[in-house]
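Beneath this line is the structure, given in structure tokens, with notes to follow.
Just follow the structure's listing: the first ligand is 1, and inside any ligand the first atom is 1.
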Amino acid sequence: MNRTRTDVLVVGSGIAGLTTALKLSAHADVLLVTKKDRVDSNTNYAQGGVAAVMADDDSIPLHVGDTLLAGAGLCHRRIVEELAREGPERVRELIEWGVRFSRGEGGRLELGREAGHSRRRILHAADLTGREIERALLAAVADSGRVEVLDDHFAWRLLTTPNLGTDRRPRCTGALILDIPRARWIEVRARAVVLATGGCGRLYRHTTNPDIATGDGIAIGYEAGAAVANLEFVQFHPTALYPAGSHAFLISEAVRGEGAVLRSADGSRLMDGVHPSGSLAPRDVVARAIQAELGRSGAPHVSLDVSMIPEERFRERFPHIYESCRSGGIEVPGQPIPVIPAAHYQCGGLLTDWDGRTSLPGLFAVGEVACTGVHGANRLASNSLLEAVVFAHRAARRVRVDLSGTPAVEGTESISAPGPRPEGAPVDTVEATVREHMWDHVGLVRSDEGLAAARESLDGLTVEGVARPEEAGGAMRAREAEFQILVGSLIVRSAQRRLESRGLHFTTSHPHRDSERYLRDTVLAR
Ligand SMILES: Cc1cc2nc3c(=O)[nH]c(=O)nc-3n(C[C@H](O)[C@H](O)[C@H](O)COP(=O)(O)OP(=O)(O)OC[C@H]3O[C@@H](n4cnc5c(N)ncnc54)[C@H](O)[C@@H]3O)c2cc1C
């Protein structure tokens, strides 16, 4: 077993991990591990942009109000106020680090509009906002000189030390890392560990998320004893390009913000009479309306009519979508875009306080893996990149304070590398089974019977064991499959606890909102 020590271990190289690492780099030694290439992240695929109050006709109370409305009663108001208030400063910081957001006349920031926002407040870099943010943050981290970034290093599990500190509680003191290229285990001991591992879209048959989104941080945090919250609230994006599959191309909501309209198979306007905001209704409403329409018509997809957007404007505002559609044979804006819903964003996660602290001392969580209280039962579009930078800032500040009072850690327990595990199903079979059950029973529309069936099936699944470092790639995939089983079952258990319909959680068994009993977070801990 190789051993190394650092002040702070950050897991994940998306916007949350990179921002946290950057902010700590002047004050501590930071080791950042990421399981594939450093650009492989949900961040790199974000299209629409970052929400922040930048326009004269906008205000913090308006942003707060829009976020609370989307969250269907479960957002924590004071956290949302903090998010909206700190947002503009954090966005200006991104600009200082080199992020080039799109600008219009006179160099003024061009602000987009998305569903649920009462004002134009989405800063974007054409329709490749995430790629631009990732580029700039990676460059800034490289320039900082004090962050060691290790690609292809997979966080297998967290290390905890019992009876530490004055309260004698267990504390997170590092992680067991699989170094894939060198096929070896590394025991990393750190004074603070920050999980920034993103979401879990890969648990679903159709998703906009890339391969990395297997819920790892939720799984290893929960296994180590940290509480998770609100996992039942999985957001489905209504407009993934059809056919979608396991890595669907997203047609950003900003396209509907520019006037595009959803149409049924017979050409009628799908959202007329469903919601006053029409095609720009909240995502859960639009996604369920599409699902219902697909069930009614038997059609494989609905259509996004973009013909009202002049071609020049389309090409300039959405160059990536324009090229991707055309290379797939869809002559936008003349031809409509075939779309279906796909799993997109995990609103719940490891339960954190205002400063990113989980319930396990020494362990922080930032970005999509965290449940800060911002999103409640439904995330407002483009609030997630904002949440990541605001809470990375707050967590980094808290880590700095904690470091001064936390002695360097010596591992006391003996760590042995995981050996081969008992027989189970092959990884591909496990992943396919998880996706099928999550899509069919734990998706846009749920029921008591469906959730029970999914739980029984997930609880009975085990993965064929490969845990020898010399087969590192296979070992990582097997462990990811284990994570997917665990996170799937946590989502099901959370959904089973909420006997009502609210925001992203809709069940035919309990179709109404019950604020008397369920106006609270769903918290699970081992
Ligand atoms: C197609 C698409 C479009 C989107 N558009 C927008 C948008 O316009 N606006 C918006 O606000 N949000 C958008 N989102 C959501 C947003 O991109 C994500 O919520 C956000 O980028 C998450 O950032 P993160 O840093 O928390 O995680 P990620 O960016 O997903 O990064 C996670 C990192 O953790 C690493 N990792 C995971 N597990 C392990 C492990 N076990 N060991 C080591 N490393 C690990 C991954 O490799 C990766 O580097 C979009 C998402 C998608 C998929």
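Looking at P210 next to ligand 1, no N or O pair under 3.5 Å apart turns up. For ligand 1, one of its N or O atoms has an N or O atom of D216 under 3.5 Å away. For L385, a nitrogen or oxygen atom sits less than 3.5 Å from a nitrogen or oxygen atom of ligand 1, counting backbone and side chain alike. For R379, a nitrogen or oxygen atom sits less than 3.5 Å from a nitrogen or oxygen atom of ligand 1, counting backbone and side chain alike. For ligand 1, the polar-atom distance check against S13 finds a nitrogen or oxygen pair separated by under 3.5 Å. On a distance-only criterion, A46 and ligand 1 share no N/O pair closer than 3.5 Å.
Counting only non-hydrogen atoms, the option in G17, A196, G12 that gets closest to atom 32 (C) of ligand 1 is A196. The nearest non-hydrogen atom to atom 27 (O) of ligand 1, considering only A248, A392, G198, A370, comes from G198. Taking only non-hydrogen atoms, the option from T43, V33, N42 nearest to atom 23 (O) of ligand 1 is T43.
Within the 4.0 Å heavy-atom cutoff, H153 counts among the residues contacting ligand 1. Contact annotation: G130 has no heavy atom less than 4.0 Å from any atom of ligand 1.
Of the listed residues (D211, T214, T207), just one forms a side chain to side chain donor-acceptor pair (under 3.5 Å) with R202, and that residue is D211.
Closest to atom 25 (O) of ligand 1, if we only count protein heavy atoms, is A16 N, 2.9 Å. Looking only at heavy atoms of the protein, atom 9 (N) of ligand 1 is closest to G49 O, 2.8 Å. Looking only at protein heavy atoms, the nearest one to atom 44 (N) of ligand 1 is K35 N, 3.1 Å. At the shortest separation from atom 12 (N) of ligand 1 among protein heavy atoms lies S384 OG, 2.7 Å. Given atom 53 (C) of ligand 1, the protein heavy atom at minimum distance is N209 ND2, 3.4 Å. Looking only at protein heavy atoms, the nearest one to atom 26 (O) of ligand 1 is E368 N, 2.9 Å. Closest protein heavy atom to atom 37 (C) of ligand 1: T197 O, 3.4 Å.
The ligand atoms of ligand 1 that sit less than 4.0 angstrom from a heavy atom of G367 are 26 (O).
The pair R398-D355 counts as a salt bridge, with a side-chain nitrogen and a carboxylate oxygen less than 4.0 angstrom apart.
With hydrogens and angles left out, the side-chain atoms of H393 and E89 include no donor and acceptor closer than 3.5 Å. Side-chain contact of T208 with H344: a donor-acceptor pair under 3.5 Å is present, judged by distance alone. Using modelled atom types and a 3.5 Å distance limit, the side chains of D284 and Q235 yield no donor-acceptor pair.
In this structure, the ring of F314 has its center less than 6.0 angstrom from the ring center of F318.
For the side-chain contact (heavy atoms from CB on, under 4.5 Å) test, residues two or more places apart in sequence or in another chain that qualify with R113 are R120.
Sequence neighbours left out, not one pair with a member in residues 8-17 passes salt bridge (Lys or Arg N to Asp or Glu O under 4.0 Å).
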